[in-house]
There are 2 protein chains.
Amino acid sequence: MNYREALDTLKRHGYKYTGKRESMVQLFNRKDRYLTAKEVLEEMQKEYPGLSVDTVYRNLSLFEELGIVEGTEWEGERRYRFHCGGDHHHHHLICTECGRTKQLNLCPMNAILGEPEGFEITGHKFEIYGTCSHCQEQTEAKGGS
Amino acid sequence: MNYREALDTLKRHGYKYTGKRESMVQLFNRKDRYLTAKEVLEEMQKEYPGLSVDTVYRNLSLFEELGIVEGTEWEGERRYRFHCGGDHHHHHLICTECGRTKQLNLCPMNAILGEPEGFEITGHKFEIYGTCSHCQEQTEAKGGS
DNA sequence: GTGTAAAACGTAATTTTTACGATTTACAAC
DNA sequence: GTTGTAAATCGTAAAAATTACGTTTTACAC
């Protein structure tokens, strides 16, 4: 997903092209990582001071529905990032400090064929959590002697 | 994990053996599936009408820390189930309707060796969501012609 | 330019989780 | 068995995340 694709997706589905939606798309394009609703709100309020939380949550849901962003949750909060990788299915290494990700070209579901009996699969989640090199450096710098 | 093991774990770590903790252990032992804090609260309030939410959350955290229960989250809520499988690492098929699980003897982390560069792994999550046979029947019964 | 449905505002309600001073209780020592 | 004490629980409130909704504003088709 890129900037133009995202706005095209909105148009194609008949949604209006507002400054706030453009701003949100730009935000996700700029920050290439998972963001919480709160982070999105705060970032966007720099440009739109009186921005309503309703607008953020509503558009986050819409964007996820349209595949503009992909959502997940960890540590009790829902998080979103620009939908990467086009159509090819993948998973992520996720830095729990900053939300940055690395793509994983491996899906464990390939090994599941025929496994479950009497269980209708509707989805799956495979995520590896940790600390990215960037955040490791930051921690070392702080804690260093 | 079983009933006696759970109480032994509490004793061994010097925690007090209260009626409420026993009741919670029994609850998880009885319901062999993921429960939300709210469900735990409501079930336990049948036996202890004035039960405080503080007690539930505090003990859920403690139980998870001691390995008596294992926690996860989906659909915006934290959930807990009796810790199964002793020491051998495993994952679950999870019914998102009722929280019942099936054990999966497969861990995708085996395929990751050497994969991530400059990324310190601290945890991972692999869960398959769906509808168990029990809940499929219920839906069919309701929606059936 | 106008009309209209969609979007956003402003604010409050809901829901989940955490916090904390006061009270009660488990349990060890006597 | 009684007693002392730290831990556990209560009762309630605060905090945090999310959802809801009537009103106002705005994008955009005509």
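For clarity, every value in this text was computed on a predicted model and none was experimentally measured. Just so we're on the same page: letters track the sequence lines, and every chain starts at 1.
- In terms of the salt bridge (charged side-chain N to carboxylate O under 4.0 Å, His left out) criterion, residue partners of Glu127(B) (sequence neighbours excluded) are, by chain and number, Lys125(B).
- Atom CZ in Arg79(B) sits roughly 15 Å away from atom P in dT15(C) (whole-Å rounding).
- For the atom pair Met24(B) CE and Tyr80(B) OH, the distance stands at 9.5 Å (nearest 0.5 Å).
- Residue contacts for Gly50(B): at a heavy-atom cut-off of 4.0 Å it reaches the sugar-phosphate backbone alone, with no base atom in range.
- Between His124(A) and His91(B), a ring centre-to-centre spacing not shorter than 6.0 Å is recorded.
- For Thr18(A), the side chain to side chain contact (heavy atoms under 4.5 Å, CB included) partners at least two apart in sequence or on another chain are Lys16(A), Lys20(A), Arg21(A).
- Residues meeting the side chain to side chain contact (heavy atoms under 4.5 Å, CB included) test with Glu47(B), sequence neighbours left out: Ser23(B).
- Whole-Å rounding puts the Tyr48(A) OH to dG10(C) P distance at 14 Å.
- For the contact set between residues 51-61 of chain B and DNA chain C, defined by any heavy atom under 4.0 Å, the members are Val53(B), Asp54(B), Tyr57(B).
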Protein-to-nucleotide contact annotation, 5' to 3' order, nucleotides 25-30 of chain D [B base; S sugar-phosphate only; - none; under 4.0 Å, heavy atom]: --BS--

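- Look at CG on Leu10(B): it is 10 Å from P on dT9(D), rounded to the nearest Å.
- Counting to the nearest Å, the C1' atom of dA17(D) and the CD atom of Glu77(B) are 12 Å from each other.
- Spacing between atom CG of Leu41(B) and atom P of dT15(C) amounts to 14 Å, rounded to whole angstrom units.
- Comparing the start and finish of the helix from dG1(C)-dC30(D) to dC30(C)-dG1(D), five pairs each, the helix axis swings through 30°, to the nearest 10 degrees.
- Atom-to-atom, CD of Glu73(A) to P of dT15(C) comes out at 18 Å; the value is rounded to the nearest Å.
- A donor-acceptor contact closer than 3.5 angstrom links the side chains of Arg81(B) and Thr101(B).
- Counting only residues at least two apart or in different chains, ring pair (Phe, Tyr, Trp, His ring centres under 6.0 Å) contacts with residues 25-67 of chain B comprise Tyr34(B)-Trp74(B).
- The minimum heavy-atom distance linking Thr131(A) with Gln136(A) is given by the pair O-NE2, 2.8 Å.
- With sequence neighbours excluded, no residue forms a salt bridge (charged side-chain N to carboxylate O under 4.0 Å, His left out) with Arg33(B).
- Separating the CD1 atom in Ile68(B) from the CG atom in Leu60(B) is a distance of 11.0 Å, to the nearest 0.5 Å.
- Put simply, CG on Leu10(A) and CG on Asn59(A) are 8.0 Å apart, with the number rounded to the nearest 0.5 Å.
- His90(A) meets the side chain to side chain contact (heavy atoms under 4.5 Å, CB included) test with Glu70(A), Cys84(A), His88(A), His92(A), Gln103(A); sequence neighbours excluded.
- By the salt bridge (charged side-chain N to carboxylate O under 4.0 Å, His left out) test, Lys31(B) pairs with Glu43(B), sequence neighbours left out.
- Not counting sequence neighbours, Asp8(B) has no partner by the salt bridge (charged side-chain N to carboxylate O under 4.0 Å, His left out) test.
- Nucleotide dA7(C) holds its P atom 13 Å from the NE2 atom of His13(A), rounded to whole Å.
- Nucleotide dT15(C) holds its P atom 16 Å from the CD atom of Glu75(B), rounded to whole Å.
- Residues from residues 22-38 of chain A lying near DNA chain D, meaning a heavy-atom separation below 4.0 Å, are Ala37(A), Lys38(A) in numerical order.
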